[in-house]
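Numbers restart at 1 for each chain; the letters A, B, ... are given by sequence-line order, proteins then strands. Bear in mind that the values here come from a model prediction, so they are computed numbers and not experimental data.
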Amino acid sequence: MREPSETSGPAAASVHLIASKDTWIEGGAVRQLEQTARLPGMRAAVGLPDLHPGTGYPIGAAFLSELVYPALVGNDIGCGMGLWQTDQAMRKFKSERAAERLSGLEGPWDGDLDGWRAEQGLAPSAFDQALGTIGGGNHFAEIQAVAEVLDATAFAALNLDPERLLLLVHSGSRGLGESVLRAVIDQHGHQGLAPAATAARDYLQAHDHAVHWAEANRRLIATRLLNALGMDAERLLDVWHNLVQPIDWAGETLWLHRKGAAPADRGPVVIPGSRGTLSYLVEPLLQSRLPFAPATDPSLRSLAHGAGRKWKRGEARPRLSTLQRPEDLRKTALGGQVICDDKELLYDEAPEAYKAVDRVVADLVDAGLCRVIATLRPVLTYKLRRAAGLRDRQRAHKPHGARKPKRDRR
DNA sequence: ATGTCC
């Protein structure tokens, strides 16, 4: 573990960075970590090895505070990862055939929403048309195969079969979380809220609903995708990496904010790479460490939530477009296939835009925070499918005058 | 990240 340099200002929370010297971390992200740690009421802050800059606050970090900071959780409240084991044998899977069967996941679900919501115990919201949709950015649904089993005992304990395909879903609360954040920010700005105050209570109630919505959303995404492929599956895990929750610490209640940080106290988690690299199924090693205290657990019971972005959104296309065409990006180095009809998104989420997940996981293992159970190989990554007529064209019709002149074909 | 943006 390396420690950020001392900075001036009021002595505040302890700040830790869990990363080896070989792991690239942007200076701006470390500055955001230190600045956030100086907010009122902060007790401890940790940057995980996937730390990278966010808008105002870093991503890949956890914060322990006396106050509740909605802005720190961000807009995608409840975002996380769900993992399913399917009944589909890897050897019999035809990924091109499967890709043809996947479409329409962007539109509203045509099932019995009321019945399903009741089954999930999920209160209705104005955003329920979006239930079962993946969204944009780094969200995805991915069919994976087991690449290597490194801990056979833990693997078997999860009832995992190395021959069967898995489904990993990464999504969150979409527009609902955005509306919850906007409502509290409009009233109170970015300030920390006293947990007992009405503002915090109202926020936390809406936050908890968004967290529930996000999990239900991942479940419905999985259901839709599995139905389309004619597969059955069992959920192995579901964890949130964007949320705030109360945590008991030496008799007092503090608030643990995870901003792109996976929990180390909810069983195994998947640390996804990019669509072109392996993902890691890991077993956290902190579950028996009680009582909870930052002094004995500087990781704040958290793990990296992925590889971490290396390039900001929008930066990848100009860097890569001369080297790789969109059709090149729809096949990956590990033989996987990518469904993504949005060019900007295709470039933004290219493997090159991410740090090396192997390095990130190695840092966690070296810090004694987790053990690798297995590595998972991407087979078919679903990002965004546009209606057939609109694929690889301009998103919307523009007036003729606004159209660029046709360029010569190379 | 965002029923994304005019």
Side chain A:N75 and base B:dA1 donor-acceptor under 3.5 Å: yes

Gap between atoms CD and C1', on A:E344 and B:dT2 respectively (whole Å): 15 Å

For atom CG of A:N138 and atom C1' of B:dT4, their distance in whole Å: 15 Å

Sugar-phosphate only, base, or nothing, as touched by A:G172 at under 4.0 Å among non-hydrogen atoms: nothing

Touch class at under 4.0 angstrom, heavy-atom based, for A:G74 against every strand present: nothing

Rounded interatomic separation in angstrom, taking CG from A:L345 and P from B:dT4: 15 Å

A:W109 and A:W116 aromatic ring geometry - parallel, tilted or perpendicular at 30°/60° bounds: perpendicular

d(NE2, A:H139; C1', B:dG3) in whole Å: 15 Å

Verdict with reasoning, A:L166 to A:I143, per side chain to side chain contact (heavy atoms under 4.5 Å, CB included): CA-CA 6 Å; A:L166 299 164; A:I143 301 283; over 6 Å; no

For atom NZ of A:K383 and atom P of B:dT2, their distance in whole Å: 10 Å

Contact under 4.0 Å: A:R313 side-chain N or O vs B:dA1 OP1/OP2: yes

Touch class at under 4.0 angstrom, heavy-atom based, for A:A126 against every strand present: base

Atom pair distance, as rounded to whole Å: CZ in A:R309 and C1' in B:dA1: 11 Å

Nearest-angstrom distance from the residue atom NZ of A:K312 to C1' of B:dA1: 16 Å

Residues that A:Y382 engages under ring-ring contact (aromatic ring centres under 6.0 Å, His included), provided they are two or more places apart: none

Donor-acceptor side-chain pairing of A:D348 and A:W311 below 3.5 angstrom: no

Sugar-phosphate, base or nothing in reach of A:G54, heavy atoms under 4.0 Å: nothing

Nearest-Å distance for atom pair CD/P, residues A:E106 and B:dT4: 15 Å

Residues forming a ring-ring contact (aromatic ring centres under 6.0 Å, His included) with A:H52, sequence neighbours excluded: none

